[in-house]
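Small disclaimer: the values here were computed from a predicted structure and weren't measured. Order of appearance sets the numbers: ligands from 1, and atoms from 1 within every ligand. These numbers come from the heavy atoms of this one structure, side chains and all, not from hydrogens, waters or symmetry mates.
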Amino acid sequence: MSSLALDLTEEQALIRDTAREVARAEFAPRALKADETGTFPTENVRKMAELGLLGIPVPQEYGGAGAGVLAFALAMEEIASVCASTALTLAAHTSLGTMPIIDFGSEEQKRKYVPRLAAGEILGSYGLTEPGAGSDAGGTQTKARREGEGYVVDGAKCFCTNASYAGTTIVTAKTDLTAQGSRGISAFILEKGMPGFTVGKKEDKLGMRASDTVQLRFEGVKVPAGQLLGKENEGFHYFMKTLDSGRIGIGALALGIAQGALDKATAYAKQRKAFGKPISQLQAVANMIADMVVDVEASRHLIYQAARLKEEGRPYGREASIGKLFASEAAMRVTDKAIQILGGYGYMQEYEVERYYRDAKLCEIGEGTSEIQRIVIARETLGRTGS
Ligand SMILES: Cc1cc2nc3c(=O)[nH]c(=O)nc-3n(C[C@H](O)[C@H](O)[C@H](O)COP(=O)(O)OP(=O)(O)OC[C@H]3O[C@@H](n4cnc5c(N)ncnc54)[C@H](O)[C@@H]3O)c2cc1C
């Protein structure tokens, strides 16, 4: 057990254990098939809802557990260690689909949506990325023009996690066409079934294959003014804050994938024999295991530290970026070594570590690529001008 586990509160340990139990007993046996067929883990989502895992950091007054971001990260880690697609579904629902309403929404919006999201009655999603605007999300082309009491939204989004199954999708749109760069963007809460709001093609992906990734289209979607999230033209600021926090979740996702791959490689190395003894007794293999442990433990320290800073109300954006960057790249190294330790079997679907390797890659891309994390970290260290 990691020494960090000793510092957990009773509530955090309980949430971790709950997630661990259901992940190992129910999600793990379904993960291989779900990846192979690209089937959304509906049953896992239902189970997470039943156990209260869809509202971990949501304040109790809005129906959540009020258990904070570290407890959320712990649950993410456990679920990702057996089924990263389910963990990504949970991350998008919580960090992107629910928390922005808590952080920036009106009291009415919070009462209307958050208890249903926390209970898993509806799933949340978040559409920021567009075909022409990913890292450069300030380049949003989706537009919302004022009409009567509300807005009319036109445009498209891509790579939106959960959106086919979501009851609400928070989307960004340009509301002030005269504003330069990232200014003049607003966020809106769209509901499933709003006329003109359609979910497009489901993407076929390298990894995270059971998670839902889709395109969205908005054609003259009439959005009542009450669906504006926070203030008009403040959307860019909101999603930057949302991503800061979301990166703790993606870091925990990477950490869980790495831990899962390490566990599988360790178990295999102890039972696989070559040259008359278990391969774990070969120094080259033992060294790989040692390097994997160091990567996993270092990731865990960084992610927990960022989560703790956030819970203490201290600045945490830099630490979240550091944790996400390190854990994502560490997950690639660890899953690569896991395949190597399993040899030819590691290359086979049935032994699962090849899935961990494919799933890990997403962590270097989603919620800000590794290149963007380096920009954030350098900027925090050197200042905006670098001088
Ligand atoms: C499975 C999956 C799920 C996703 N889920 C969601 C979701 O739910 N909601 C959502 O809004 N988005 C989602 N995304 C989108 C994701 O956040 C973007 O793909 C990511 O931000 C990168 O944007 P892009 O794909 O347009 O790449 P680009 O921004 O075009 O980047 C291409 C390359 O250029 C590099 N680059 C770009 N700008 C710079 C720079 N300034 N300096 C150095 N290098 C740079 C990038 O790091 C990258 O290597 C998802 C993506 C995937 C793959």
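- Checking Lys222, Arg145, Glu232, Gln227 one by one against Tyr151, the side chain to side chain donor-acceptor pair (under 3.5 Å) holds for a single residue, Glu232.
- Formation of a donor-acceptor pair under 3.5 Å by the Lys270 side chain with backbone atoms of Gln281 is not found in this model.
- Here the heavy atom of the protein found nearest to atom 39 (C) of ligand 1 is Ile372 CD1, 4.0 Å.
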Audit row: Tyr304, Glu77, side-chain hydrogen bond (donor to acceptor under 3.5 Å, both in side chains) steps and yes/no: CA-CA 11 Å; Tyr304 289 14; Glu77 188 183 329; 2.8 Å; yes
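- Not one N or O of Ile375 is nearer than 3.5 Å to an N or O of ligand 1, by distance alone.
- Of the protein's non-hydrogen atoms, Gly134 CA, 3.2 Å is the one closest to atom 26 (O) of ligand 1.
- Side-chain N or O atoms of Asn44 include none that pairs as donor or acceptor with a backbone N or O of Phe27 at under 3.5 Å.
- When only interatomic distances are considered, the shortest N/O to N/O separation between Thr213 and ligand 1 does not fall below 3.5 Å.
- Close to ligand 1: Glu367, with a non-hydrogen atom less than 4.0 angstrom away.
- Of the polar atoms of Phe159, at least one N or O is found under 3.5 Å from an N or O of ligand 1, judged by distance alone.
- Looking from atom 45 (C) of ligand 1 to the surrounding protein, the closest heavy atom is Glu371 CB, 4.3 Å.
- Heavy atoms from other residues, nucleotides or ligands lying under 6.0 Å from CD of Gln271 number more than 12.
- Ligand 1 has a nitrogen or oxygen under 3.5 angstrom from a nitrogen or oxygen of Thr369.
- Of the protein's non-hydrogen atoms, the one nearest atom 37 (C) of ligand 1 is Ser135 OG, 3.6 Å.
- Side-chain atoms of Ser245 do not come within 3.5 Å of backbone N or O of Thr242 as any donor-acceptor pair.
- A heavy-atom distance below 4.5 Å is not found between the side chains of Ile170 and Tyr238.
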Chi angles and distances behind the side-chain contact (heavy atoms from CB on, under 4.5 Å) call for Ile303, Ile248: CA-CA 6 Å; Ile303 301 299; Ile248 297 175; 4.2 Å; yes
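- Of the protein's non-hydrogen atoms, Leu362 CD2, 3.5 Å is the one closest to atom 2 (C) of ligand 1.
- Distance from atom 16 (C) of ligand 1 to its nearest protein heavy atom, with residue and atom name: Thr129 OG1, 3.8 Å.
- Polar contact check, Thr161 against ligand 1: a nitrogen or oxygen pair lies under 3.5 Å apart.
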